[in-house]
Amino acid sequence: PTRRSSDLLQRQFAAADVERPLALAEAAEAMRALVRKAGVPADVRAAILAAYAQLGDAVAVAVRSSATSEDTGATSFAGMHETFTNVLGPDDLLARVVDCWVSAYGPRVLSYRNAEGMREEPTIAVVVQRMIDSARAGVMFTADPSTGDRGTIVIEGAFGLGEVVVGGQVEVDTYILNHQGPTLRQVRVGRKQFKLVRGADGRDLKVTLSPEEAARRVLSDAEAEALARIGLRIEAHYGAPQDIEWAVATGGEFAIVQTRPITTLAAPAPEEAEEPDDEPEELPRRRAATGPAEIEIDVSFDDEPKQLA
């Protein structure tokens, strides 16, 4: 945006009445309209298109929002800023970049920033990543976000693109592992009714799974434990439990596409003497959210996930 547009945004943001929903919605729309009108500056546009061209011809990318104060140890903007997958072509890319900028001025974002005492004008970066043609994908928590247990790793997965996991669109597989090892402790196989894949036109395509496919495991024991080891390396790097999104390409390589601190981690429960429990552990349902990408690690596997007996 121009300096004039930026100054106007600052004044509108400072004047927004977050206590009155209708007034907040009107102020948010005015700010979003200003961002859309400003568009992409010529120098930024040239830089984006030059970088996109280096990826090759007609490459599908993910366009992800990354706010400067997003997903710190104390705040979480999960689900408030836009992220787009299978973006194809220069025009679509530039439009989605603007959409990410616009999402920094949504009513939920402004209200949350006020509640957290964040008075500075929203700023946002946009991460553009080459799309992974994922055969399997999911999320991983290097601590249990439901119980606060720092000694547990929770992995959720489904077939196809990870949106079905993040958005809770299917009943996912859940893998519970101990930090030590790490070793697999328990598996719950979900009924994954469908998957999202990249269609011939580069857009998301919904594919219904047969009952046999829906009941297949997403990860083998060995894959779950290898993925957990990657998660522990990332946690050690950042010095805090992580909320990670992962994918497995059709060739079998693991890729970590984004990671962020677990911002909703419950406080650990007081230690109590453990007693044998003959009942199977009930695995709580969890929902993940998106965040900025920080690291990418590839691990190859020759074997396919194990079939259920």
Side-chain angles (χ1 to χ4, degrees), residues 64-81 83 112 116 118 127 129 136-158 162-163 165-168 172-188 190 218-219 221-248 254-272 274 281-299:
R64 302 179 180 274
S65 297
S66 179
T68 57
S69 52
E70 182 178 0
D71 301 330
T72 64
T75 61
S76 173
F77 287 82
M80 298 187 197
H81 297 128
T83 285
Y112 182 74
E116 294 296 321
M118 302 165 68
V127 179
Q129 300 170 301
R136 298 168 278 158
V139 298
M140 170 169 51
F141 303 94
T142 61
D144 191 321
S146 296
T147 67
D149 183 1
R150 270 72 168 174
T152 294
I153 299 169
V154 180
I155 299 174
E156 293 184 341
E163 281 86 341
V165 179
V166 173
V172 299
D173 284 9
T174 303
Y175 304 83
I176 306 295
L177 301 97
N178 296 319
H179 266 224
Q180 291 186 347
T183 55
L184 186 62
R185 192 165 80 217
Q186 191 169 1
V187 178
R188 181 179 63 194
V218 174
L219 297 172
D221 291 0
E223 287 176 315
E225 291 175 355
L227 183 55
R229 285 193 291 272
I230 294 173
L232 292 178
R233 288 171 56 191
I234 297 172
E235 178 182 279
H237 176 79
Y238 287 106
Q242 296 291 299
D243 173 351
I244 299 164
E245 290 195 21
W246 56 270
V248 181
F254 269 127
I256 302 301
V257 296
Q258 55 191 4
T259 186
R260 65 191 184 104
I262 301 177
T263 55
T264 57
L265 191 62
E271 293 186 5
E272 298 178 357
E274 294 186 359
E281 180 182 356
E282 178 66 22
L283 305 183
R285 300 307 304 269
R286 300 165 176 82
R287 290 291 176 264
T290 59
E294 299 288 353
I295 187 170
E296 183 169 338
I297 305 171
D298 291 338
V299 179

With rounding to the nearest 0.5 angstrom, report the [atom1] to [atom2] distance, [X] to [Y].
| X | Y | atom1 | atom2 | result |
| --- | --- | --- | --- | --- |
| Trp246 | Ile155 | CH2 | CD1 | 7.0 Å |
| Glu225 | Leu184 | CD | CG | 5.5 Å |
| Gln258 | Gln129 | CD | CD | 7.0 Å |
| Glu156 | Phe141 | CD | CZ | 6.0 Å |

Are the side chains of [X] and [Y] in touch, meaning some heavy atoms are under 4.5 Å apart?
| X | Y | value |
| --- | --- | --- |
| Ile234 | Met140 | no |
| Ile262 | Asp144 | no |
| Ile256 | Ile244 | yes |
| Arg229 | Arg233 | no |
| Thr147 | Thr152 | no |

Looking only at non-hydrogen atoms, find the nearest pair between [X] and [Y] and report the distance.
| X | Y | result |
| --- | --- | --- |
| Pro241 | Thr142 | CA-OG1, 3.3 Å |
| Ala228 | Ile153 | CB-CD1, 3.7 Å |
| Ala158 | Val172 | CB-CG1, 4.5 Å |
| Ala224 | Tyr175 | CB-CD2, 4.2 Å |
| Glu245 | Val166 | OE2-CG2, 3.4 Å |

(message) With no hydrogens and no angle check, just 3.5 Å: does a side-chain donor-acceptor pair link Gln242 and Glu235?
(response) no
(request) Kindly say whether Val218 contributes a backbone atom to a donor-acceptor pair with the side chain of Arg136 at under 3.5 angstrom? (result) yes
(request) Starting from the C-alpha separation in whole Å, work towards a yes-or-no answer on side-chain contact (heavy atoms from CB on, under 4.5 Å) for Val154 and Ile176. (result) CA-CA 5 Å; Val154 180; Ile176 306 295; 3.9 Å; yes
